[in-house]
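Okay, so here's the structure we're looking at.
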Amino acid sequence: MTEKRIYADNAATTAVSDVAFEAMLPYFRESYGNPSATHSYGTAAKRAVEDARKKVAESIGARINEIYFTSGGTESDNWAILAAAGLRKKKGRHIITSAVEHNAVHNTVQQLEKRGYEVTWLPVDKYGMVSPEQLEEAVREDTILISVMTANNEIGTLQPVRELAEIAGRHKVLFHTDAVQAAGHIPLDVRELGVDLMSLSAHKFHGPKGVGALYISLRTALPPILFGGGQEKGKRSGTTNVPGVVGMAAALEDAVRRMDENVRKVTALRDRLIEGVLNLPGAALTGHPVQRLPGLASFIFKDVKGGPLVAALDEAGVCASSGSACSAGAGEPSRVLKAAGIITAEDVAAPLRLSLSGYNTAEEIDEIIRRLPAALKRAASESVLAGPDNMDVD
Ligand SMILES: Cc1ncc(COP(=O)(O)O)c(C=O)c1O
């Protein structure tokens, strides 16, 4: 492989931005105090954490005391769902979520189902979108929580969160949204959206890995799920990842400051990519044509497997991602694509996700389009022999 490598897997994770990196550095080796300590090293670290909290809060229209730092999107989702279920169990045991959630929500809700909660898995249309009318019909007297993601990680579709949260509010049901793919990429305002709980993860918007936040509205008395030293006002024990939260705040503040410019740039790159890829035989766009993340282009190719396609692209110097719609018995096809009716369990078809950031260039997009046909050809021949695919898409 001699050609320049192109990173087009930004929905999986992003490079840490210069501003985030620089902001974090002092908190590893200079100002490395424990923010719970009362001496000067501790108070300096605490100031940094509180400044980070303020920046994260401002970035999503929240109040400072509505932001709780966590170890990332997975923990935030688990906390929101498990704690909300516990909080409201006297009212009922019915939970509503969508069929296209990330596993961090899907598997957590499934755990509750195993513990005796009843779950309604809302269907989606062919674009992967939930309908507010169907949510309205699904709400019951004993519904305690609705969790629907802001943006889908496989196909980029944006959900009508404001309408969904309005329905939840009218029925006095808690509303959680996993905004892990959306934060830093599209404008988010928790008050305007009317959500009670929102999950964020720093590494999806050029912050570091292993750090995130849960927005908990002041009207929601969410109990903890982690117990210990009583950090985060007793709600989330564990020594705060000081460099992590500082990096997260710097990255999010920067992303919000440059949002308009970035959305314009990345949308233009994405549309150039979509246009080029759709010229290839057998390619179809997945996800909503308009209501989608600015940087996410997702496709399906018939008679090709996702694993071989990603491998062939990697060999050609393009880092992309694929869930997989492999044939029955050879593994589990993408739950999201099945829910949207894009594939059946019997289909052999490769989903391809190319996710861009502001660091990508028009030249890179043209290169991806140039390198793709050979990779597809190679993957199609290898797909006949290939075994099961790995299905998970972050
Ligand atoms: C929609 C969505 N939710 C949750 C997560 C999990 O976030 P984290 O990697 O921070 O645990 C991811 C990413 O993998 C995601 O895309």
Side-chain angles (χ1 to χ4, degrees), residues 8-16 20 56 60 67-82 97-111 124 128-130 147-159 161 164 176-186 188 195 197-215 225-226 236 238 241 244-245 247-249 251-252 255 286-288 291-298 319-323 334-337 339-340 351 353-357 390-394:
D9 201 14
N10 288 279
T13 199
T14 56
V16 172
V56 171
I60 60 165
I67 299 297
Y68 294 86
F69 290 118
T70 67
S71 64
T74 303
E75 184 190 323
S76 296
D77 286 343
N78 271 259
W79 182 9
I81 293 164
L82 297 175
T97 188
S98 87
V100 295
E101 298 298 309
H102 186 274
N103 278 342
V105 167
H106 185 90
N107 292 350
T108 307
V109 173
Q110 243 176 9
Q111 278 303 315
V124 292
M129 202 180 272
V130 166
S147 180
V148 178
M149 70 202 320
T150 309
N152 186 270
N153 50 299
E154 286 187 43
I155 56 175
T157 298
L158 305 179
Q159 300 293 352
V161 171
L164 303 175
H176 165 249
T177 190
D178 173 340
V180 166
Q181 290 288 341
H185 300 280
I186 58 169
L188 287 180
V195 301
L197 302 159
M198 177 186 278
S199 302
L200 308 176
S201 175
H203 74 105
K204 308 289 188 181
F205 49 76
H206 302 289
K209 294 169 186 57
V211 57
L214 181 64
Y215 157 78
I225 58 165
L226 289 186
R236 196 277 183 184
N241 174 356
V245 303
M248 174 177 186
L252 189 55
T286 57
H288 199 282
Q291 296 298 325
R292 64 183 302 134
L293 283 171
L296 198 150
S298 53
C319 297
S321 160
S322 177
S334 156
R335 180 164 50 70
V336 174
L337 296 181
R353 183 185 70 185
L354 295 157
S355 44
L356 311 173
S357 80
N390 179 357
M391 309 306 154
D392 283 347
V393 179
D394 285 334

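Ligands are counted one by one from 1 in listed order, and the atoms in each one are counted from 1 as well.
Close approach of ligand 1 to D77 (heavy-atom distance below 4.0 Å) involves ligand atoms 3 (N), 4 (C). Residue contact check: H203 has heavy atoms under 4.0 Å from atoms 8 (P), 9 (O), 10 (O) of ligand 1. Those atoms of ligand 1 with a heavy atom of N153 less than 4.0 angstrom away are 1 (C), 16 (O). Taking a cut-off of under 4.0 Å to the non-hydrogen atoms of G72, the atoms of ligand 1 that pass are 10 (O).
Nearest to atom 8 (P) of ligand 1 by heavy atom, out of A104, A202, G73, is G73. Comparing T70, T74, V211 by heavy-atom distance to atom 11 (O) of ligand 1, the nearest is T74. Between the choices S201, S71, A151, A179, the shortest heavy-atom distance to atom 10 (O) of ligand 1 belongs to S201.
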Requested in this report: Determine, step by step, whether H185 and F205 satisfy the side chain to side chain contact (heavy atoms under 4.5 Å, CB included) criterion, reporting the C-alpha distance in whole Å, the side-chain angles of both residues, the deciding distance to 0.1 Å, and the verdict.
Outcome: CA-CA 7 Å; H185 300 280; F205 49 76; 4.2 Å; yes
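The shell of residues lying under 4.0 angstrom from ligand 1, judged by heavy atoms, excludes K209. Ligand 1 lies out of reach of E75, whose nearest heavy atom is not under 4.0 Å from it.
With sequence neighbours excluded, no residue satisfies side chain to side chain donor-acceptor pair (under 3.5 Å) with S355. Partners of T74 under the side chain to side chain donor-acceptor pair (under 3.5 Å) rule, at least two apart in sequence or in another chain, do not exist in this structure.
Distance CE/M129 to CD/Q159: 6.0 Å, rounded to 0.5 Å.
No hydrogens or angles considered: a donor-acceptor pair under 3.5 Å links the side chains of S98 and E101. Side-chain contact annotation: H176 with S147, donor-acceptor N/O pair under 3.5 Å present. Checking R335 against N103 by side-chain atom types alone, a donor-acceptor pair falls below 3.5 Å.
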